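Working notes, beginning with the structure itself.
Predicted model only: the values in this text are computed from it and were never measured. We count ligands from 1, going down the list as the structure has it; atoms in each ligand are counted the same way.
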Amino acid sequence: MTSPRILTNFVAGEHVPPRMGGYLDDVAPATGAVIARVPASTEEDVDTAVAAAKGAFAYPWSHTSSAERADLLDAVAAVIDRRCDELAELESRDTGKPIKLASTVDIPRAAANFRFFAGAVRHDATDAHVMDGVALNYTLRKPLGVAGLVTPWNLPIYLLSWKVAPALAMGNTVVAKPSEMTPLTATALAEIFAEVGAPPGVFNVIHGTGAEAGEAIIGHEDVAAVSFTGGTKTGKRVAAVAAPAFKKLSLELGGKNPTIVFADADIDEAVEGAVRAGFLNQGQVCLCGSRILIEKKVAARFEEAFVARVTAMRVGDPADPATELGALISLAHREKVEGYIALAKEEGGTIAAGGGRPSLPDALAGGAFVEPTVVTGLAPTCRTATEEIFGPVVTLHSFEDEAEALELANGVRYGLCASVWTQNLARAHRVSAALETGMVWVNSWLLRDLRVPFGGMKDSGVGREGGRYSLEFFSESRNVCIKM
Ligand code: NDP
């Protein structure tokens with residue numbers, strides 16, 4: 001057995017141990033083995049990292065041109081591409097997600113994020129407002145300073161790069177805290193920044209718990225902006241800490257997203273789409289469609305095909321390229337998910353597929369596996385059908401007409417996204433306009449264009465990231481009015 005790797009923070013261009021010397025275990029969810037020791041960073045580490053980021057902002061980063069910053073982001077993307085296989089393996093071991101998903105989605109997307117924001121800032125333009133014969137207004141976009149970025153475990157480098165790239169592109173420097181459960185690819189990203197010659201202090205990584213390291217970053221007086229992705233409850237806490245200091249704040253939070261299948265949909269395609277939306281990354285994507293609403297006329301047909309497809313899904317070793325579902329993030333999280341399966345039964349639901357633990361080889365006996373699970377027969381207002389489970393559990397419900405579909409879809413506290421399946425164009429427009437969500441996919445799910453606004457309403461968050469929305473978030477607009 002190999003001994004666990006000892007990870008370091010990345011501060012001022014150096015790989016450094018935590019100042020107070022504390023460490024946490026990083027556990028591989030598929031086996032239960034400790035694969036690394038993660039710095040349990042404290043306020044002292046955060047102070048040093050923020051000071052490094054502040055210094056690097058003052059010089060040289062805020063003096064660089066957008067072309068120079070874009071070149072650095074492109075260089076990072078090129079190394080991510082070159083190290084794709086290795087990074088995919090790290091991500092798969094750390095999260096329990098299938099290697100195929102990590103190598104075809106997570107890592108390529110991280111490279112794409114850097115490349116996209118390099119292009120975005122190269123081609124960025126600001127507004128001018130002319131007051132005829134009186135004055136000319138034009139908008140300057142100034143960087144904010146130090147950006148504090150806090151990210152979750154489900155898509156570690158994918159979401160970290162989604163924030164780091166636009167923050168740096170606009171001339172800010174960064175202190176990032178990944179989830180302490182998935183520190184490996186953030187550590188690799190630090191190595192990549194060192195390799196491409198990023199000025200020391202421009203990109204800093206502090207590992208540790210949210211309550212200690214995360215909160216110290218968010219509350220730090222020299223952190224000007226906070227971009228947070230995580231659960232709604234944590235988001236409330238983050239807002240409470242950041243808001244009194246008038247920091248710019250972006251919150252990407254949880255979801256309980258509907259997949260709405262109308263009778264006029266291509267049912268085979270809808271089944272495939274709903275399976276992907278329900279179970280990608282073991283259902284641990286904020287956008288997952290965990291409530292499937294089906295028009296009554298086609299409910300029986302849809303359910304039969306859906307349950308058959310889910311039952312056939314391959315759960316197992318994340319390292320096996322044929323695996324469709326790997327492990328959940330931790331045994332504690334599996335307990336939470338299994339608690340919801342038990343609750344579903346108490347609430348009168350029928351387990352139509354899954355519901356238990358898969359039988360797997362001995363090497364995976366300590367892993368956090370759960371079968372993909374389908375629950376039918378629940379009231380759409382019950383807890384199982386309205387609370388975020390963040391695991392491979394979906395509930396099926398039927399509706400009579402469009403009005404009822406909308407009532408059910410909008411009847412939760414979350415408002416992140418929806419996926420609508422219909423061949424009726426007028427209905428697609430009507431329903432998309434009436435849904436209370438930040439994003440709607442029609443006849444698709446998670447089809448991503450990095451330019452579009454990404455984010456949720458209601459309890460799913462505040463603000464939008466993506467394309468120019470990210471560039472605007474990570475900068476301060478200043479109007480200059482020149483009298484003619
Ligand atoms: P958490 O909210 O538990 O944690 C997210 C991050 O915040 C982690 O790095 C965590 O550290 C940190 N954190 C925890 N407490 C604090 C605090 N008081 N101050 C500052 N930082 C803190 O979410 P999970 O990691 O469990 O991720 C799952 C959640 O994220 C789900 O609800 C999911 O829907 C949501 N999510 C939303 C997305 C979106 O774009 N809308 C995308 C992906 C996920 P630690 O690990 O130590 O707790």
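- Exactly one residue among Thr48, Asp47, Asn9 makes a side-chain hydrogen bond (donor to acceptor under 3.5 Å, both in side chains) with Arg19. That residue is Thr48.
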Could you list each nitrogen or oxygen of ligand 1 that sits under 3.5 Å from a protein nitrogen or oxygen, with the atom names and the distance?
{"from": "ligand 1", "atom 1": "2 (O)", "to": "Gly231", "atom 2": "N", "distance (Å)": "2.7"}
{"from": "ligand 1", "atom 1": "2 (O)", "to": "Thr234", "atom 2": "OG1", "distance (Å)": "2.6"}
{"from": "ligand 1", "atom 1": "9 (O)", "to": "Thr151", "atom 2": "O", "distance (Å)": "2.9"}
{"from": "ligand 1", "atom 1": "9 (O)", "to": "Lys177", "atom 2": "NZ", "distance (Å)": "3.1"}
{"from": "ligand 1", "atom 1": "11 (O)", "to": "Lys177", "atom 2": "NZ", "distance (Å)": "3.2"}
{"from": "ligand 1", "atom 1": "11 (O)", "to": "Gly210", "atom 2": "N", "distance (Å)": "3.2"}
{"from": "ligand 1", "atom 1": "18 (N)", "to": "Glu215", "atom 2": "OE1", "distance (Å)": "2.8"}
{"from": "ligand 1", "atom 1": "19 (N)", "to": "Gly210", "atom 2": "O", "distance (Å)": "3.4"}
{"from": "ligand 1", "atom 1": "23 (O)", "to": "Gly231", "atom 2": "N", "distance (Å)": "3.4"}
{"from": "ligand 1", "atom 1": "25 (O)", "to": "Trp153", "atom 2": "NE1", "distance (Å)": "3.0"}
{"from": "ligand 1", "atom 1": "26 (O)", "to": "Trp153", "atom 2": "NE1", "distance (Å)": "2.9"}
{"from": "ligand 1", "atom 1": "30 (O)", "to": "Gly230", "atom 2": "O", "distance (Å)": "3.3"}
{"from": "ligand 1", "atom 1": "30 (O)", "to": "Gly231", "atom 2": "N", "distance (Å)": "3.4"}
{"from": "ligand 1", "atom 1": "32 (O)", "to": "Glu388", "atom 2": "OE1", "distance (Å)": "2.7"}
{"from": "ligand 1", "atom 1": "34 (O)", "to": "Glu388", "atom 2": "OE2", "distance (Å)": "2.6"}
{"from": "ligand 1", "atom 1": "41 (N)", "to": "Leu253", "atom 2": "N", "distance (Å)": "3.2"}
{"from": "ligand 1", "atom 1": "41 (N)", "to": "Leu253", "atom 2": "O", "distance (Å)": "2.6"}
{"from": "ligand 1", "atom 1": "46 (O)", "to": "Ser179", "atom 2": "OG", "distance (Å)": "3.2"}
{"from": "ligand 1", "atom 1": "46 (O)", "to": "Glu180", "atom 2": "OE1", "distance (Å)": "2.6"}
{"from": "ligand 1", "atom 1": "47 (O)", "to": "Glu180", "atom 2": "OE1", "distance (Å)": "2.4"}
{"from": "ligand 1", "atom 1": "47 (O)", "to": "Glu180", "atom 2": "OE2", "distance (Å)": "3.4"}
{"from": "ligand 1", "atom 1": "47 (O)", "to": "Gly210", "atom 2": "N", "distance (Å)": "2.6"}

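- Checking side-chain atoms of Thr232 against main-chain N and O of Asp459 turns up a donor-acceptor pair under 3.5 Å.
- Applying the side chain to side chain contact (heavy atoms under 4.5 Å, CB included) test to Asn113 and every residue at least two apart in sequence or in another chain returns Arg109, Ser161, Trp162, Leu450.
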Which pairs of donor and acceptor atoms, one on a side chain in residues 286-293, lie under 3.5 Å apart (sequence neighbours left out)?
{"from": "Arg291", "atom 1": "NE", "to": "Lys256", "atom 2": "O", "distance (Å)": "3.4"}
{"from": "Arg291", "atom 1": "NH1", "to": "Leu408", "atom 2": "O", "distance (Å)": "2.8"}
{"from": "Arg291", "atom 1": "NH2", "to": "Lys256", "atom 2": "O", "distance (Å)": "3.3"}
{"from": "Arg291", "atom 1": "NH2", "to": "Ala409", "atom 2": "O", "distance (Å)": "3.0"}

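- Every side chain to side chain contact (heavy atoms under 4.5 Å, CB included) that Thr384 has, sequence neighbours left out, goes to Leu343, Ala344, Glu347, Leu378, Cys382, Ile389, Thr395.
- Using a cutoff of 4.0 Å between basic side-chain nitrogens and carboxylate oxygens, Asp25 and Arg37 are scored as salt-bridged.
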